[in-house]
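Report on one structure; see the data block that follows.
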Amino acid sequence: MKKALILGALMLNHTVTADTLTIERIYESPSLAGSSPRSLKVAPDGKRVTYLQGKQSDYERLDLWEYNIASGESRLLFDSDELSSGEETLSDEEKARRERMRLSGTGIVSYQWSADGTALLFPMGGDVFYHKLGEPGAKQLLNTEAFETDIKLSPKGNYISFIRDQNLYVKHIASGEETAITTNGGGNLKYGMAEFVAQEEMGRMTGYWWSPDEQYIAFTEVDETPVDIITRSEIYADEIKMIEQKYPSAGTPNVKIRLAIQHLKTQQRNWVDLGKDEDIYLARGKWMPDSEHFTYQWQNRTQQELELRSVNVKTHSQEVLLTESSNTWVNLHDDFTFINHGKQFIWASERDGFKHLYLFNSDGTLVRQLTKGEWVVDQLEAVDEKAGKVYFTGRKDTPLESHLYSVNLKGGDVSKLTAREGYHHITFSGDASIYIDMSSTANTPFQVSLHKASGKQITWLEENKLDANHPLTPYVKDWIKPEFGTITNDEGVELYYRLYKPAKLEGKHPVIVYLYGGPHAQVVNNQWGGNRGLLMQHWVSKGYVVFSIDNRGSNYRGKAFEEPIYKAMGSVEVDDQVTGVKFLHTLPYVDKERIGVYGHSYGGYMTLMSMFKAGDYFKAGVSGAPVTTWRLYDTHYTERYMGNPNTDSDAYDASSVFPYAQDLKGPLLIYHGMADDNVLFTHSTKLYKHLQDMGKPFEVMDYPGKKHSIRGKQTGIHLYHTITNFFDRHFGVK
């Protein structure tokens, strides 16, 4: 029998005796929530799988592991404690970067294979380690007082590159020679770095790109001078920090951004002409395989136009390869890759109303649409040019599950490759010959398997069977499987819902409606719910009905389903949530006088809007880290959906919670992290004052030192108890 790849992350080392799924038990070990290995990758040689795994003694302290495909054995490659022990002190920039990447933990939190599969690079504590396969140990390449970030291996593996003190550097690995590509960084000037909205809202975490031949580096210059400074407090248990932060609130100036391409040896630098309009976004950057053309995605301030532009590094000439436009907004994506030695590329577009894949020639002429239909592609996963196949995940069978499919480059029918039901996270090898499938359902924690590109399973990396030793087994007999279904709203739009109901239906039961409701998110799907999914099981065991519905504006249903929120946030979403409650009223076991609502972030905003605008339907609510006025949120996200407050002031007024707060009827609990740098704590404090001025009673639970995600084991236990106790008190549940 193979050693378990996931080791302690899915198995507990002690006997489970409790039969009741308590909140403490949910947080006792990540294994119960279905914690999975991080950063699973098939090595370029196709012979091993590498991954990050927490220590059994400390699941947040991550080490680098390897699974040998031939032998079926796992082994520890590098123990983070042996490389660097003691407390890890991160720079403020790195803390913010990890928060925006949703990276948690300490030790080895990320790593990179060289393109030829002969070396590994992994940052730790602001420095970096390098391991050459076949050689013992890891060599520390950086050991400085400064905190280096965004550390990369160059395409051929000869250099590392990194950001230090807001400047871009490269270092030759063999000679140790270090070169500063830029030297003027500091203060408002940042080189090779992604600005705040690029990281938080565009999903672009870097500001520099190596050419494949290692001769050039393209990089950004970010000038934050125009951006307003906000002063916010970060309130901790024993101190208050006053933070001055460059934060571009909706309607205010963004950074000025420039793009340079520099020859590494001659240091000749050329600035790319981005156009006369300086109020733009640089959304993406990518080199063509010939190393002579750099492409970048130019987006205007309204985000209604996106251009894919190509720059010739020798002649400095430019051309627009394609343009995407919309009368609402254009969604960004990472589904863009060159094939046929750069003569063609694959690109995702929503031009027919649904996200699909298209094949273009390198000059931007369309060859053919590869996928089509009233369903969406999730993402492009791999291309096997020899076999002429494109692999992608998508929702062809149902919007509730993500599956792996293939389609021929010449067009034709789409083939489904994943056999197990549920939600599949796919990671291909570089040559697209094999892939890792991490799948789950609402009732099955993550299972990890290895497959040939045909879909044929090679082996389990972790079958994660619910056997006698599994931490979930004691609760299986009381496990409630959710029901999935659809409701049609008053406008004839089909909405998907998920319903948990107690095993024993006795009389009328209270309801907790869990929601998010915002764009680029989905609540109702057939995948493992982690800690929050276990919390729902806890609620059901107490006698609650637990319900969710995905309203218009949410993801994976096509552009027409998303767009009704344009310049109208907090309107149709509430209408659709009310449609869900009206459906609950038809169920004989539901007490319509005890229907509560709970959500976090956009879900917190939705809780407030539901309580304020539809208090006859929602009798109590818990709002976590809510947006209260979109004028306080950042430019790229907010203006995408709401327009600019300088020209669309009425839309911003209508989408704020404040005009409706006077209609609060039922009990309301608001909680917020007091060091939140995403949805600033100010959102809640302004609402606290507003409700107090109107004499409206409400409850508060704020968390000192916590960011937007409210992380931490003990904090999580406290938060889940606080939410549960709130509903218990107001709905009379013991």
Side-chain angles (χ1 to χ4, degrees), residues 96-97 99-102 188 190 193-207 220-230 232 245-259 274-275 277-285 296-309 324-334 350 518-521 553-555 559 562-563 565-570 601-602 605 625 627 629-649 651-652 655 676-680 682-683 708:
R97 193 168 184 269
E99 178 74 14
R100 291 162 198 155
M101 294 175 72
R102 309 302 186 251
N188 285 322
K190 297 181 177 181
M193 299 174 67
E195 67 273 24
F196 171 81
V197 293
Q199 293 185 30
E200 183 65 44
E201 309 300 357
M202 300 183 213
R204 175 168 66 81
M205 300 304 300
T206 190
T220 59
E221 177 195 77
V222 171
D223 182 358
E224 292 187 322
T225 302
V227 181
D228 288 348
I229 297 175
I230 63 166
R232 62 179 178 85
Q245 178 180 345
K246 289 280 189 172
Y247 188 92
S249 303
T252 68
N254 277 313
V255 301
K256 289 183 178 180
I257 192 163
R258 296 203 295 167
L259 176 65
L274 300 180
D277 184 2
E278 293 184 346
D279 195 9
I280 55 97
Y281 297 107
L282 196 152
R284 299 284 188 274
Y296 66 94
Q297 295 179 35
W298 174 98
Q299 189 180 49
N300 67 349
R301 175 76 181 246
T302 67
Q303 301 177 60
Q304 293 179 321
E305 287 189 10
L306 178 74
E307 294 181 355
L308 176 62
R309 299 177 176 181
E324 300 285 355
S325 60
S326 170
N327 58 7
T328 55
W329 70 85
V330 175
N331 285 313
L332 297 177
H333 61 77
D334 294 305
E350 294 179 304
H520 283 279
S554 55
N555 210 1
K559 200 73 188 302
E562 295 178 46
E563 289 181 329
I565 66 171
Y566 186 60
K567 297 185 180 181
M569 281 180 162
S601 193
Y602 199 102
Y605 166 70
V627 171
T629 171
W630 290 106
R631 283 184 168 88
L632 287 178
Y633 207 59
D634 68 56
T635 51
H636 195 271
Y637 181 95
T638 312
E639 293 173 12
R640 183 190 318 156
Y641 307 116
M642 289 297 299
N644 193 307
N646 298 316
T647 55
D648 299 293
S649 181
Y652 275 77
S655 69
D676 194 332
D677 62 351
N678 180 357
V679 180
L680 305 180
T682 310
H683 282 271
H708 191 58

remark   = Heavy-atom closest pair (Y652 atom, N644 atom, distance to 0.1 Å) is CE1-C, 3.8 Å

request  = Identify the two heavy atoms, one from D223 and one from P226, that lie closest to each other, and give their separation to 0.1 Å.
outcome  = O-CD, 3.4 Å

request  = Check step by step if side-chain contact (heavy atoms from CB on, under 4.5 Å) holds for M642 and D648.
outcome  = CA-CA 8 Å; M642 289 297 299; D648 299 293; over 6 Å; no

Distance, nearest 0.5 Å, that separates CG of N327 from CD of Q304 = 7.0 Å

ask   = Rounded to the nearest 0.5 Å, how far does CZ of R309 lie from CD of Q297?
value = 11.5 Å

request  = Flag the pair K190 and E195 as a salt bridge only when some basic side-chain nitrogen lies within less than 4.0 angstrom of an acidic carboxylate oxygen.
outcome  = no

query = Does the side chain of I257 come within less than 4.5 Å of I280's, by heavy atoms?
reply = yes

message = Which label fits W630 and Y637: parallel for a plane angle under 30°, tilted from 30 to 60°, or perpendicular past 60°?
response = parallel

task = Considering non-hydrogen atoms only, spot the tightest contact between N678 and D676 and give its length.
result = N-OD1, 2.8 Å

ask   = Do E305 and V330 come within less than 4.5 Å of each other through their side chains, counting heavy atoms only?
value = no

message = Walk me through whether M193 and T220 qualify under side-chain contact (heavy atoms from CB on, under 4.5 Å).
response = CA-CA 7 Å; M193 299 174 67; T220 59; 5.8 Å; no

ask   = Hey, does H636 have a side-chain heavy atom less than 4.5 Å from the side chain of L332?
value = yes

request  = Would you check if Y602 and S554 make a side-chain contact, meaning some heavy-atom pair closer than 4.5 Å?
outcome  = no

task = Taking salt bridge (charged side-chain N to carboxylate O under 4.0 Å, His left out) as the test, write out the residues that go with D334, two or more places apart.
result = R284

inquiry  = Is the ring pair W329/Y566 parallel, tilted or perpendicular, if the boundaries are 30 and 60 degrees?
reply    = tilted

ask   = P645 and A250: which non-hydrogen atoms are nearest, and at how many Å?
value = CG-O, 3.4 Å

query = Does the side chain of T225 reach to within under 4.5 Å of the side chain of K256, using non-hydrogen atoms?
reply = no

task = Step by step, work out the side-chain contact (heavy atoms from CB on, under 4.5 Å) result for V679 and Y605.
result = CA-CA 11 Å; V679 180; Y605 166 70; over 6 Å; no

query = Do K246 side-chain atoms and V227 backbone N/O form a donor-acceptor pair below 3.5 Å?
reply = yes

key: Which atom of P253 lies closest to which atom of P248, heavy atoms considered   = O-CB, 3.8 Å

query = Going from CD on Q199 to CE on M205, what distance comes out if it is rounded to the nearest 0.5 angstrom?
reply = 4.0 Å

query = How far apart are the closest heavy atoms of L274 and W298, and which atoms are they?
reply = O-NE1, 3.5 Å

ask   = Going by distance alone, is a donor N or O of one side chain under 3.5 Å from an acceptor N or O of the other, for E350 and N331?
value = yes

inquiry  = Any non-hydrogen side-chain atom of D677 less than 4.5 Å from a side-chain atom of H708?
reply    = no

Side-chain donor or acceptor of Y247 paired with backbone N/O of F196 under 3.5 Å = no

OH-CE distance between Y641 and M569, expressed to the nearest 0.5 angstrom = 6.5 Å

message = Using a 3.5 Å distance criterion without hydrogens, assess whether the side chain of S326 forms a donor-acceptor pair with backbone atoms of T328.
response = yes

request  = Without swapping roles, check the side chain of E224 against the backbone of V255 for a donor-acceptor pair under 3.5 Å.
outcome  = no

note = One should read off an interatomic distance between N254 CG and D228 CG, to the nearest 0.5 angstrom, of 10.5 Å

request  = Please confirm whether the backbone N or O of N646 pairs with a side-chain atom of S649, one donor and one acceptor, at under 3.5 Å?
outcome  = no

remark   = So salt bridge (Lys or Arg N to Asp or Glu O under 4.0 Å) across residues 629-647, not counting sequence neighbours, yields R301-E639, R631-D653

ask   = In Å, rounded to the nearest 0.5 Å, how long is the span from CZ of R232 to CG of L680?
value = 6.5 Å

